[in-house]
Colleague: 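What follows is a structure written as structure tokens; I'll ask about it next.
What's counted below: heavy atoms across the whole structure, side chains too, no hydrogens, waters or symmetry copies. We name chains A, B, ... by the order of the sequence lines, and we start the count at 1 in each one.
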Protein chains: 2
Amino acid sequence: MGTTATEAVPEPKYWQLRTVLVRTIDQEFSTGEVLPNERDLAARFGVARATLRQALDQLELEGRLVRRRGIGTLIAAPRMGIPVAEASSRDTWRIVDCGLGPAPAAVAATLGLDATDEVHTVRRVRMMAGQAVGTETLFVPVRVMPHVPGFLAESSRARAVLKQFQALPIEGESRAVELGVAEEEQARLLERPPGIPVLVLTARYAGESGTLAVATSTYRADTCKLTFGDTGVEVRAAS
Amino acid sequence: MGTTATEAVPEPKYWQLRTVLVRTIDQEFSTGEVLPNERDLAARFGVARATLRQALDQLELEGRLVRRRGIGTLIAAPRMGIPVAEASSRDTWRIVDCGLGPAPAAVAATLGLDATDEVHTVRRVRMMAGQAVGTETLFVPVRVMPHVPGFLAESSRARAVLKQFQALPIEGESRAVELGVAEEEQARLLERPPGIPVLVLTARYAGESGTLAVATSTYRADTCKLTFGDTGVEVRAAS
DNA sequence: TAGTGGTCTAGACCACAAG
DNA sequence: TTGTGGTCTAGACCACTAA
């Protein structure tokens, strides 16, 4: 037959489609512009809508597109660089709540606590350019921070915990970044539906005697780029 | 009517399904075990196979499941912690190739090069526990590293570049992590199909006179957790 | 009200691995 | 050959936005 054997397994349509769309987007569209709707695009490329959506899913995961129900599919703005390692000179955080009680099992293990130990728990949302980009939950054992006044209102206690945290004798920090999806709680704080991909950052703050505190953060993977060290690097892609 | 308005917008089926599956997996399965096949699972939960797959997609993105064509769906092992910031005491890398020529536009901009400047380009694959977990492409301008012998074979030249890189007067490093998908090139090196989610790490190495080198890496997001600082933190999830 | 993306279905065929 | 996950289709209905 006339079929050449070189392309034994052709690439899936949605991946070919993605390649075409990447080129089209880079060449003919700019930030904020609206793509044709999914039904038209699917018809134009001669595929089912589900297949087109599979390609758009990829581009959304890469942060190139934003889809808004009722509106359309837009070209996304470049990701924001979020400084993550510094003591945060000028940051905007919104405190959500502050509790006192047992820690989740995983946190307790890292902090070296037993079941009866309690921790201060402060949750806050990180704002940038007017939108919620990340959530953070800070865990500090009560035995590390015993002098938080108990009579304070919740928001005042949160501020007290954060202030005392700044003063802790931190000797070393370690962090880990991995991929996750936002559950109901985080999704609500990020003002997005559950299931959106997030970068999960876990930070451990060590003192002489061991781990003093643990923080777990989630950042919107579609719009955020976590930066460590100096300012964000401008490199994006490089084959 | 009898409908209560409290649950105005019910959660999508695939998300409910994910919640059920998370519980089932955590309670009744352990690493390496095989789930029932997709058609049976879909039937058991009374949904279409596509809907079930949407739930499994989420769990795969979280690194809880691994799907193997022709085999089945397995419970994934915990993610490997990949140290990323250190000078890499004991690491296994496999050199792929080494070139000399103009840099990609984004890299050239970061390095402050004009169109005529050339860079050494070394690509290598990072191995862990016998499998490829990440790729790295290192870019060093020729003017920063002018004394690489030109008569060497490719693999020798790669080693020479890496060795001289270790000796560069690095004064500061900055890094950024974001989500991406593996294109053909990276996917091949990672021995996975194109489109798999990857953590894209860009590192900039600064000297007194400016940026001396740039490296862009991609790590399999399903199996890797990038760690900075000391050893990996053991915390996983925490509402 | 019209148009958009989000969800869901029921079915088909393909590529891959194992017996 | 059988059973698995991977891809693709054609269609339906829903939720949200804006005119």
Colleague: Given D:dT4, is OP1 or OP2 found less than 4.0 Å from the side-chain N or O atoms of B:Thr73?
Modeller: no
Colleague: Go nucleotide by nucleotide along DNA chain D from the 5' end; which of B:Gly72 and A:Gly46 gets its closest nucleotide reached first?
Modeller: B:Gly72
Colleague: Can you tell me the distance, in whole Å, between the CD atom of A:Glu38 and the P atom of D:dC14?
Modeller: 18 Å
Colleague: Could you state the CD-P distance from A:Glu11 to C:dA15, rounded to the nearest angstrom?
Modeller: 14 Å
Colleague: Please determine, for the side chain of B:Arg67, which listed nucleotide (C:dT4, C:dT9, D:dG5) has the closest atom?
Modeller: D:dG5
Colleague: Rounded to the nearest Å, what distance is computed from the CG atom of residue B:Leu52 to the P atom of nucleotide D:dG5?
Modeller: 9 Å
Colleague: Between A:Glu60 and A:Arg53, is the closest basic N to carboxylate O distance under 4.0 Å?
Modeller: no
Colleague: If I take atom CG in residue A:Asn37 and atom C1' in nucleotide D:dA18, what distance separates them, rounded to the nearest angstrom?
Modeller: 15 Å
Colleague: Looking at the side chain of B:Arg39, which of C:dT9, C:dC13, D:dT9 is the nearest nucleotide?
Modeller: C:dC13
Colleague: Ignoring hydrogens and angles, tell me if any N or O in the side chain of B:Glu33 forms a donor-acceptor pair with the backbone of B:Ser30 under 3.5 Å.
Modeller: yes
Colleague: What integer distance in Å separates A:Arg49:CZ from D:dG11:P?
Modeller: 13 Å
Colleague: Where the side chain of A:Ile71 is concerned, which of D:dA18, C:dC8, D:dT7 is the nearest nucleotide?
Modeller: D:dA18
Colleague: Considering only NZ, NE, NH1 and NH2 on the basic side and carboxylate oxygens on the acidic side, decide whether A:Arg220 and A:Glu191 come within less than 4.0 Å.
Modeller: no
Colleague: Look at the side chain of B:Arg68 and the base of D:dG6, then say whether one donor and one acceptor between them are separated by less than 3.5 Å.
Modeller: no
Colleague: Looking at C:dT9, I'd like to know if its phosphate oxygens (OP1 or OP2) sit under 4.0 Å from a side-chain N or O belonging to B:Thr51.
Modeller: yes
Colleague: If you check the A:Ala50 side chain, which of D:dT9, D:dT7, C:dC8 turns out closest?
Modeller: D:dT9
Colleague: Starting from P on D:dT9, measure out to CG on A:Leu17 and report it in whole angstrom.
Modeller: 10 Å
Colleague: Output the single nucleotide from C:dC16, C:dT9, D:dC8 whose closest atom is nearest the side chain of B:Arg69.
Modeller: C:dC16
Colleague: Quick one: is D:dT7 close enough that its OP1 or OP2 comes under 4.0 Å of any side-chain N or O from A:Tyr14?
Modeller: yes
Colleague: Between B:Asp97 and B:Arg124, is there a side-chain N and carboxylate O pair less than 4.0 Å apart?
Modeller: no
Colleague: Donor-acceptor pairs are to be reported for all side-chain atoms of residues 43-51 of chain B against protein atoms at under 3.5 Å, with residues two or more places apart or in another chain.
Modeller:
from	atom 1	to	atom 2	distance (Å)
B:Arg49	NE	B:Glu38	OE1	3.0
B:Arg49	NH2	B:Glu38	OE1	3.0

Colleague: Find the distance A:Gln54:CD to D:dG5:C1' and express it as a whole number of Å.
Modeller: 13 Å
Colleague: Can you tell me which nucleotide in D:dA10, C:dG5, D:dT7 comes closest to the side chain of A:Ala48?
Modeller: D:dA10
Colleague: B:Phe45 CZ to C:dT7 C1': how many Å, rounded?
Modeller: 18 Å
